[in-house]
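So the structure is just underneath, and the comments pick up after that.
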Amino acid sequence: MENEEIIESYPKYVMNTYGRQPIAISHGKGIKVWDNNDNEYMDLFAGIAVNNIGHAHPNILNALKEQSEKLIHCSNIYYNENQLKLAKLLNKFILNTKVFFANSGAEANEGAIKLARKYTKKTEIISTKNSFHGRTLATITATGQPKYSEPFKPLPAGFKHVKFGDIDELKNTINDKTAAIILEVIQGEGGIVTADITYFKEVEKISKENNILLILDEVQTGFGRCGKMFASELFNLNPDITTVAKAIAGGFPMGAIIANEKVAEGFEIGDHGTTFGGTPLACAVAIASINTIIDENLIENSQNLGKYFKNELLKLKNKYDFIKDVRGYGLMIGVELAIKCSDIVDKAREKGFLINCTAEKVIRLVPPLIIKKEEIDIFIKAMNEIFIEISN
Ligand SMILES: *Cc1c(COP(=O)(O)O)cnc(C)c1O
């Protein structure tokens, strides 16, 4: 089928929940993808920071093939070696922790909220404005953007929102019912926005003093995206709970709650579960993906090429007034404009580049971590052309 036929037939059969780009993606290799009309694109979106090791990586394909021939699924009422291996691997990066395997970011956050309430025996969860934590009822309520939750009232009770980066407001919102503070180290959907180290360290301190858990939502920032395995390392943070998903298994669906050993004891037998959490197949693919990030030095690449990329974008900022800011860590980069960016996304796609616009005015660049300098140069050249066009 061609793009047009697919796009025309969609509304009759598929629920209309996404504002989609007008192409159907057919296949990919490395940082390239092709649509159903055989147009080639450089993918600087990576399925929203999911395909960190690129498309169709042989290590992922091998893991999928080998494990699917052996065992795809068994129930969590049995033990499975792959789950243990993956939990041990994650424990190398976030020390002294235990893992609960889920299937998505929202599900990981939902579980983290349950764990925080169960462990602390307190009820309230504080999150930040402009945050994003997922689409379940509890996670849209935690999400600090009313547009996601307003139409779905009544919402679960026990959620409060404070300004990201404002330590006084946080102090004034904490009370003896506060169970946890949930934060993205870098707000992804919110426009690649972060706070300074003093804020994060103060949040950590306040949490400890008040017996409140610090939950870091690393669903988007994890697995090398920000030039570290996890963004918590950027600010030397030790959260009680880390939630992950997106890039954990290189595109295969998976999420996880990673809690320190003590907090993890909050969940007892029967407290939480999910049919597909940590299947032998998902775990095998996650292990392959994480090992690839390590073996191919992709964290280093994220750091170095992230710096290079930002620097090249800053050169564009010097040329064009409507570029307000270039920010981010590693290969999680935001380019804030004075104008809406949807038009630029269309122009980029027409030139063969997939990019994303978030928070209306921020171009979000989250390419696969395997991207090369020459590829960044090609993209920068194209963006320069687009910027010339819209300046006229
Ligand atoms: C994408 C995202 C989620 C939700 O993950 P899903 O897998 O879509 O449920 C939660 N938190 C953050 C920070 C995200 O970027």
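Hydrogens, waters and symmetry mates are skipped; everything else that's a heavy atom, side chains included, is used. Whatever order the structure lists ligands and atoms in, that order sets their numbers, starting from 1.
- Using bins of under 30°, 30° to 60° and over 60° for the plane-to-plane angle, the ring pair Phe267/Phe100 lands in the perpendicular bin.
- Under 3.5 Å, the side chains of Glu107 and Thr274 contain a donor-acceptor pair of N or O atoms.
- Protein residues are said to neighbour a ligand when one of their heavy atoms lies under 4.0 Å from it; for ligand 1 these are Ser104, Gly105, Ala106, Asn109, Phe132, His133, Gly134, Glu184, Asp217, Val219, Gln220, Lys246.
- The only member of Lys351, Lys32, Lys29 that meets salt bridge (charged side-chain N to carboxylate O under 4.0 Å, His left out) when paired with Glu40 is Lys32.
- In summary, the aromatic rings of Phe101 and Phe276 are positioned with their centroids too far apart to meet the 6.0 Å limit.
- You'll find the ring centres of Phe223 and Phe230 inside the 6.0 Å limit.
- Looking at Thr139 and Asn109, their side chains never bring a donor and an acceptor atom within 3.5 Å of each other.
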